[in-house]
Amino acid sequence: MKIIVAEHSGFCFGVNRAVDTAEELVRDLNGKTIYSLGPLIHNSQAVKSLENKGLKPIENIEELLKGEKLIIRSHGVSPSIEEKVQELNVELVDTTCPYVKAVHKRVRNYKNKDYKIVIIGDREHPEVIGINGHCDNEGIVINTLEEATNLPKYDKICVVSQTTNTWEKFDAISKILLEKANEVEIFNTICNATSLRQNSAMELAKQVDAMVVIGGYHSSNTNKLVEVSKKYCKNVYHIEKKEELPLQELSNFNTIGITAGASTPDWIIKEVINTMDNINNGNEIMEAIENSMVRIHRGDILKGKVIYVTDNEVMVNINYKSDGIIIKEELSNDPDIMPKDLFNEGDEIEVYVVRIDDGEGNVMLSTKRVEAIKNWDTLAEMYEKQEEVECKVLKDIKGGLSVSVMGITGFMPASQISVEYIEDLSIYKGRVLESKIIDFDQDKRRIILSSRIVEEELLEKKRNEIWDSLEIGEIIKGRVARLTDFGAFVDLGGLDGLIHISDLSWFRINHPSEVVEVDEDVEVEVLDFNKAKNRISLGLKQTLPKPWDIFIEKRSIGDIVSGKIVNMLDFGAFVRLEEGVDGLVHVSQISKEHVNKPSDVLEMGEEVQVKIIDINEEEKRISLSMRELEEDIEETIENEELEVSIGDIVKDN
Ligand code: SF4
């Protein structure tokens, strides 16, 4: 006889969680009693076993006294029960299955949006009673096609299912309900564990001569497994415990399938199989059990399907007897990222097995470690090729920054952050930096990065571009970087050029600060450059009009102008007419009287008035005369006197 165990059978995630919680609580009771509202699970053997340890099922919460402890089982309860428990000052341990909680939330939402809630399920079942409580007990419970057909028409209905329904029943009733309102929202809330167990039972029932379904007679999901099995197999036996096995009958079959409800503990399944050992080879059967389960080990990378996503965790079906949980911290190295930002229900993902049992029967998984394993290889290659990689700054730590690079934590020393000195490293938190890996050791899990290198390379590139674009005589833009006694350094975008003090102004200056200041934007002329010597000569005055040009623009021959004697030689005196513009008064042009040499009649620094008698633009020379000015004045006076005399004569006559 061949025995095959269904791929998915026995404890589901929700029941496992409730039983583990209860086991943990009874461990420390020291003779006291705790309570569950109704039997913790629909399996009398398991309930009896827990009762012996101190967990007593009660039917009415009024039986409880202040300070006592009550476990809410995986079916969940209505809000009114929770309120009553609070009033009684009873400590509540809530093991409501997250799948059921999701249904509570959904019906509450839609009730608030004025939908009539329709629950497909058994109206006596505690889960259905609890769900109805979450829509103020105003939901309609439907369990047959006839009930669905007789339903009156509503404006808007929202349809949910008891989590342990069969898909066929849910589908058939939903189709009728589609006609029962103007707006119909249908949600398949049959839980994943139920679907998996029913599908496994169905597949198995198709290929065996007999099916043994193990589970409580009041267990809804076990009864559904019986229902599904009967559709595909003529010989189905529903038992609660090994003693009920019809060994005689079973010995007539060649192939027997075994499945178990979600509330059937492993030890009961094993007892049943051990008993069947009497009619077959026990080792083969145990092997069958083992083979039916996916084996997992710490460090494995598995494929899984996201069952649901909350703000703190992601539940994943990994085809193991327990589902897996990825806590937020194991999703990504980015502490700001939320589970819902990364995954949606139904996503196929790869997970890393962190721990097979987190103490509550769940498998602890990680996605960040899967990525990390793959990313180590990528980073090793990038290190070898010295490629740039983006890293996000997590926080500043002693001596530098803690960064996340492809989900792996690395370190960036303070000296490698920037070409500039950074006083306060905390300003980098959250920034993404282009960087290169400068030290890499996968065994020691060490990655050291530098964004300074990238900055330097960028600057070098810019510098080369500037060198390549320089042309003598070209006018370019820059910013004054610093001043010295001999000139001003100008930043041309990563490369500095110098304006010598003599090229800052057409006038004589004592210090560059008389003309420019640090951080001032300037336009300068490229006077010369030498890449090998890393030298660029710039001129500012060359971009400004020359004093000579300005002077001759506004003055012409014959104009009388003032100036200061700035130099005297034997042949004449030089007069400064404007800053940068000097003219010459030849010795013969100083006075009508004979002058031997200028210093006989003039003094250095003396202010004089002169007449422009010639401008030689080509040689940039201005000839001045004090003598002509003197003669002009005399002539004017004479003319004025003459006019006065003639006037007097005319008047006298
Ligand atoms: S059958 Fe589904 S909904 Fe019910 S407790 Fe198990 S996992 Fe939760």
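First listed ligand is number 1; within each ligand, the first listed atom is number 1. Starting from 1, each residue takes its place in the sequence as its number.
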Contacting atoms of ligand 1, where contact means under 4.0 angstrom from a heavy atom of [X]:
X: Thr163; value: 3 (S), 4 (Fe)
X: Thr194; value: 1 (S)
X: Tyr99; value: 3 (S), 7 (S), 8 (Fe)
X: Cys191; value: 1 (S), 2 (Fe), 3 (S), 7 (S)

Report summary line: Exactly one of Leu40, Leu70, Val90 clears side-chain contact (heavy atoms from CB on, under 4.5 Å) with Tyr35, and that residue is Leu70
Query raised in the report: Of the protein's non-hydrogen atoms, which lies at the shortest distance from atom 6 (Fe) of ligand 1, and what is that distance?
Result: Cys12 SG, 2.2 Å
Query raised in the report: So, Cys97 and atom 6 (Fe) of ligand 1: N/O/S under 2.8 Å, yes or no?
Result: no
Query raised in the report: Where do Ile325 and Leu365 land on the side-chain contact (heavy atoms from CB on, under 4.5 Å) test, with the steps shown first?
Result: CA-CA 6 Å; Ile325 291 177; Leu365 303 171; over 6 Å; no
**Report entry** Region of Asn192 engaging ligand 1 - heavy atom pairs below 4.0 Å
**Finding:** neither
Report summary line: Glu240 and Ile268 have their tightest heavy-atom pair at O-CG2, 3.7 Å
Requested in this report: Could you list the residues that satisfy side-chain hydrogen bond (donor to acceptor under 3.5 Å, both in side chains) with Glu138, not counting sequence neighbours?
Outcome: Lys111
**Report entry** Aromatic ring proximity, centroids under 6.0 angstrom, Tyr115 and Tyr154
**Finding:** no
Query - His42/His125 aromatic ring centres below 6.0 Å - result: yes
Requested in this report: Look at ligand 1 and say whether Asn221 reaches it with a heavy atom at a distance under 4.0 Å.
Outcome: no
